[in-house]
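Encoded as structure tokens, the structure appears first; notes follow it.
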Protein chains: 2
Amino acid sequence: MTDTTGYDIADALGLLLRRGTRARLYTHLTEGLGEAVDELTYPVLSGLARTGPLSAADLGREIGLDRTTVTRRADRLETAGLVQRQPDPVDGRATLLTLTHQGHGTVAVTRQRFVTAIEDSLASWPEADARTFARGLRRFVDEGPFAPQRD
Amino acid sequence: MTDTTGYDIADALGLLLRRGTRARLYTHLTEGLGEAVDELTYPVLSGLARTGPLSAADLGREIGLDRTTVTRRADRLETAGLVQRQPDPVDGRATLLTLTHQGHGTVAVTRQRFVTAIEDSLASWPEADARTFARGLRRFVDEGPFAPQRD
DNA sequence: AGGAGAAGCGTGTGCGGCGCACGCTAATCT
DNA sequence: AGATTAGCGTGCGCCGCACACGCTTCTCCT
């Protein structure tokens with residue numbers, strides 16, 4: 001019999017990467033967190049959480065957006081009190097984007113919601129299967145064909 | 001010790017769903033297939049491949065886009081010879097969007113590239129592990145918290 | 001040491017994706 | 001048959017995005 005492993009994974013990933021899936025996910029994760037947090041601004045927020053204080057240009061490189069786009073999204077988040085700007089003490093040209101306390105809290109909430117949703121869906125799995133799957137997924141994503149930028 | 005399964009999966013999925021990942025994937029899959037096929041038009045193409053001939057309105061519901069957006073993307077694909085319009089024989093108001101022979105070919109190429117990339121990245125895995133992972137991923141996506149629209 | 005060029009920032013502007021709203025035709029329902 | 005519903009194309013307006021400009025600050029070379 002022929003091996004369908006690649007096709008099975010392709011189907012599953014295809015579904016996962018669909019627009020509707022992403023939209024539903026964002027809607028659920030950011031619900032009730034204020035209108036400043038949406039599918040557009042969240043990557044700025046979570047990028048900052050990942051990297052720590054960063055200039056708009058650097059953050060743009062990190063998340064694959066133009067510097068000016070990052071600036072304007074950060075404007076909204078700053079107005080909402082989730083992000084703060086401060087002059088870089090080391091470089092007088094640069095402005096560092098930083099998460100406020102509330103900003104950290106917002107990221108923590110969305111991340112926790114994400115984890116909870118995953119754990120709920122894994123609740124019916126034998127624990128060993130769940131662990132195996134988690135390890136496999138991590139490996140697949142980390143060394144996968146299109147995951148991190150290696151350049 | 002605490003269980004980190006949910007966090008591991010969340011991290012991996014987070015990386016997978018990032019903008020940059022998606023962009024790199026689309027770039028690779030659609031390379032050299034003509035400028036009509038890109039991240040915007042491809043969902044129309046693959047949606048049609050999935051469902052068969054469909055009206056713009058129905059296809060819009062399928063892929064989560066406004067009817068008019070689908071119409072305009074289909075215009076480009078039609079110009080490029082990948083999609084064809086024909087009046088619905090059953091409903092005089094409707095226009096069915098259909099893949100041309102070339103359109104089917106384009107979808108086949110991208111899908112094959114996707115499968116190949118996945119299989120390449122799995123080449124170093126023990127075959128049993130790869131199969132287990134594929135089964136797990138399918139299950140996770142199918143019954144997962146945000147996969148198919150159940151409404 | 002000082003001037004040139006590079007690198008940071010904000011913001012004005014143009015392009016393009018998106019969906020609402022309009023006017024139309026065809027189907028359906030009473 | 002008339003009214004309502006559902007399909008289509010297309011003209012807007014809105015907004016995300018990045019390029020381009022002018023400015024400040026750093027860095028580097030002479």
Side-chain angles (χ1 to χ4, degrees), chain A residues 18-20 22-24 26-27 30 35-48 51-80 83-98, chain B residues 18-24 26-27 30 34-48 51-80 83-98:
Chain A
R18 281 230 244 311
R19 175 200 178 91
R22 207 166 51 247
R24 238 169 301 130
Y26 270 109
T27 300
T30 65
E35 63 177 12
V37 183
D38 59 15
E39 187 169 343
L40 294 178
T41 54
Y42 184 69
V44 171
L45 219 55
S46 81
L48 277 181
T51 62
L54 221 56
S55 74
D58 286 342
L59 185 54
R61 275 185 280 273
E62 167 73 20
I63 63 181
L65 283 174
D66 189 86
R67 168 182 76 80
T68 62
T69 301
V70 173
T71 295
R72 277 154 176 141
R73 293 187 185 183
D75 288 345
R76 274 181 274 168
L77 292 169
E78 187 179 24
T79 302
V83 157
Q84 205 173 350
R85 286 177 214 257
Q86 50 184 274
D88 188 330
V90 176
D91 187 335
R93 299 166 295 182
T95 304
L96 291 182
L97 299 172
T98 316
Chain B
R18 282 230 245 309
R19 173 200 181 94
T21 306
R22 209 166 51 247
R24 238 168 301 134
Y26 270 110
T27 301
T30 65
E35 63 177 14
V37 183
D38 59 15
E39 186 170 346
L40 293 178
T41 55
Y42 184 70
V44 170
L45 218 55
S46 81
L48 278 180
T51 62
L54 221 55
S55 74
D58 286 342
L59 185 54
R61 275 184 281 273
E62 167 73 20
I63 63 180
L65 282 174
D66 189 86
R67 169 182 73 81
T68 62
T69 302
V70 173
T71 296
R72 280 156 176 142
R73 295 188 184 182
D75 288 345
R76 274 180 273 169
L77 292 170
E78 187 180 24
T79 302
V83 156
Q84 204 174 350
R85 285 177 215 258
Q86 51 184 275
D88 188 330
V90 176
D91 187 335
R93 298 166 297 181
T95 303
L96 292 182
L97 299 172
T98 316

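Being a predicted model, the structure only gives us computed values, none of them experimental. Below, chain A is the first sequence line, B the second, and so on; all start at residue 1.
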Practice task
Take atom CZ of A/R73 and atom P of D/dA18, then tell me their distance rounded to the nearest Å.
Solution key: 8 Å
Exercise for the section: Applying side-chain contact (heavy atoms from CB on, under 4.5 Å), run through B/V70 and B/L97 and close with a yes or a no. Expected result: CA-CA 10 Å; B/V70 173; B/L97 299 172; 4.1 Å; yes
Handout entry: Between D/dC17 (C1') and B/E39 (CD): distance, integer Å
Key = 14 Å
Practice task
Let me know the distance between CZ of B/R61 and P of D/dA6, rounded to the nearest Å.
Solution key: 10 Å
Exercise for the section: Report the distance from atom CG of A/D38 to atom C1' of C/dC18, rounded to the nearest whole Å. Expected result: 15 Å
Completion exercise
Applying side chain to side chain contact (heavy atoms under 4.5 Å, CB included) to A/T95 and not counting sequence neighbours gives A/R85
Nucleotide N/O to protein N/O under 3.5 Å, stretch nucleotides 27-29 of chain C:
residue : atom : partner : partner atom : Å
C/dA27  : OP1  : B/G92   : N            : 2.8

Practice task
Quickly work out the A/E78 CD to C/dC9 C1' distance and round it to whole Å.
Solution key: 13 Å
Grab the N/O contacts between the protein and nucleotides 9-12 of chain D below 3.5 Å, and write none if there aren't any.
residue : atom : partner : partner atom : Å
D/dG9   : OP1  : B/R85   : NH1          : 3.1
D/dG9   : OP2  : B/T71   : OG1          : 3.3
D/dG9   : N7   : B/R67   : NH1          : 3.2
D/dG9   : O6   : B/R67   : NH2          : 3.0
D/dG11  : N7   : B/R72   : NH2          : 3.2
D/dG11  : O6   : B/R72   : NH1          : 3.4
D/dG11  : O6   : B/R72   : NH2          : 3.3

Problem - d(CG, A/L77; C1', D/dG16) in whole Å - result: 15 Å
Completion exercise
CZ (A/R18) and CZ (A/R24) are apart, to the nearest 0.5 Å, by 9.5 Å
Handout entry: Residues forming a salt bridge (Lys or Arg N to Asp or Glu O under 4.0 Å) with B/D58, sequence neighbours excluded
Key = B/R61
Exercise for the section: Using side chain to side chain donor-acceptor pair (under 3.5 Å) as the criterion, list what pairs up with B/T41, not counting sequence neighbours. Expected result: B/D38
Handout entry: Residues that A/T27 engages under side chain to side chain donor-acceptor pair (under 3.5 Å), provided they are two or more places apart
Key = none
Problem - Any residue meeting side chain to side chain contact (heavy atoms under 4.5 Å, CB included) with A/T69, in chain and number order, not counting sequence neighbours - result: A/L65, A/D66, A/R73
Problem - Non-hydrogen atoms of A/L96 and A/S55 that approach each other most closely - result: CD2-N, 3.9 Å
Exercise for the section: Apply side chain to side chain contact (heavy atoms under 4.5 Å, CB included) to A/R22 and list each qualifying residue two or more places apart in sequence or on a separate chain. Expected result: A/R19, A/Y26, A/E39, B/R22
Handout entry: By side chain to side chain contact (heavy atoms under 4.5 Å, CB included) - contacts of A/R67 (at least two apart)
Key = A/A57
Fill in the blank from the handout: By salt bridge (Lys or Arg N to Asp or Glu O under 4.0 Å), B/D88 pairs with (sequence neighbours left out) none
Exercise for the section: Write down the distance between CG (A/L96) and P (C/dG10), rounded to a whole number of angstrom. Expected result: 11 Å
Handout entry: Selection: residues 40-48 of chain B, any non-hydrogen atom under 4.0 Å of DNA chain C
Key = B/L40
Fill in the blank from the handout: B/L54 CG to D/dG7 C1', in whole Å, measures 13 Å
